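The structure under discussion appears below in the form of structure tokens.
What you are looking at is a predicted structure, and each value in this text was computed from that prediction instead of being measured.
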Amino acid sequence: QVQLVESGGGLVQSGDSLRLSCVASGRTFSTYTMGWFRQAPGKEREFVAAISRSGGRTFYADSVKGRFTISRDNAKNTVYLQMNSLKPEDTAVYYCAADVPGSGGYYYFGSKDPRGFDYWGQGTQVTVSS
């Protein structure tokens, strides 16, 4: 079992920045492909960004490209989502997710499909006021 705990959400104004963090349990974090998703009220869960195990590859949804940056620190078992120039349409619960080898799912890098991820955090609320 892998546990993911997100933090860093909050209420901000349009144009502000936030940095989300997600800490993962386990001693093999460097083998997990990590992703961020979000879900707004009444909408389906939406892909935001993904990062490869080493951090050398990243992939973003078009809606956040150029504003959001995903990164990871394998020594700290942590993945980050730096969100700049926030807009009201970024308001959602943000979830981090892990593709853990041997756990059944497989994330194809460049995909936006949540089914490739095996474990999910509880989510952190981000609210952007206009």
Task: Cation-pi, F29 ring and R72 (6.0 angstrom, 45 degrees) - done: yes

Task: NZ or CZ of R38 within 45° of Y95 ring axis and under 6.0 Å - done: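 So R38 doesn't make the cation-pi contact.
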
Give me the atom names and distance for the closest heavy-atom approach of [X] to [Y].
X	Y	value
P101	Y32	CD-CD2, 4.2 Å
N74	S54	ND2-CA, 4.5 Å
R53	T31	CD-O, 3.0 Å
A40	A92	N-CB, 3.8 Å

- [ ] Give a yes or no on whether R45 atom CZ has more than 12 heavy-atom contacts from other residues, nucleotides or ligands under 6.0 Å away.
- [x] yes

- [ ] Please check if atom CD in Q3 has more than 12 non-hydrogen atoms from other residues, nucleotides or ligands closer than 6.0 Å.
- [x] no

- [ ] Tell me whether V79 is reachable from V2 by hopping between hydrophobic residues (I, L, V, M, F, W, Y) whose side-chain heavy atoms are closer than 4.5 Å.
- [x]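 V2 and V79: one cluster.
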
TODO: Treat each ILVMFWY residue as a node, draw an edge where side-chain heavy atoms are under 4.5 Å apart, and state whether Y94 and F47 are in one component.
DONE: no

Open item on the list: Is the distance from the ring center of Y106 to that of Y108 below 6.0 Å?
Closed with: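 Yes, they do, as the ring centres are separated by less than 6.0 Å.
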
Open item on the list: I want to know whether F117 and F37 have ring centres closer than 6.0 Å.
Closed with: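 Yes, the ring centres sit under 6.0 Å apart.
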
TODO: Salt-bridge test for K87 and D90: reply yes if a basic N is under 4.0 Å from a carboxylate O, no otherwise.
DONE: no

Open item on the list: Quick check for you: to the nearest 0.5 Å, what is the distance between I51 atom CD1 and R57 atom CZ?
Closed with: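 Atom-to-atom, I51:CD1 and R57:CZ are 11.0 Å apart.
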
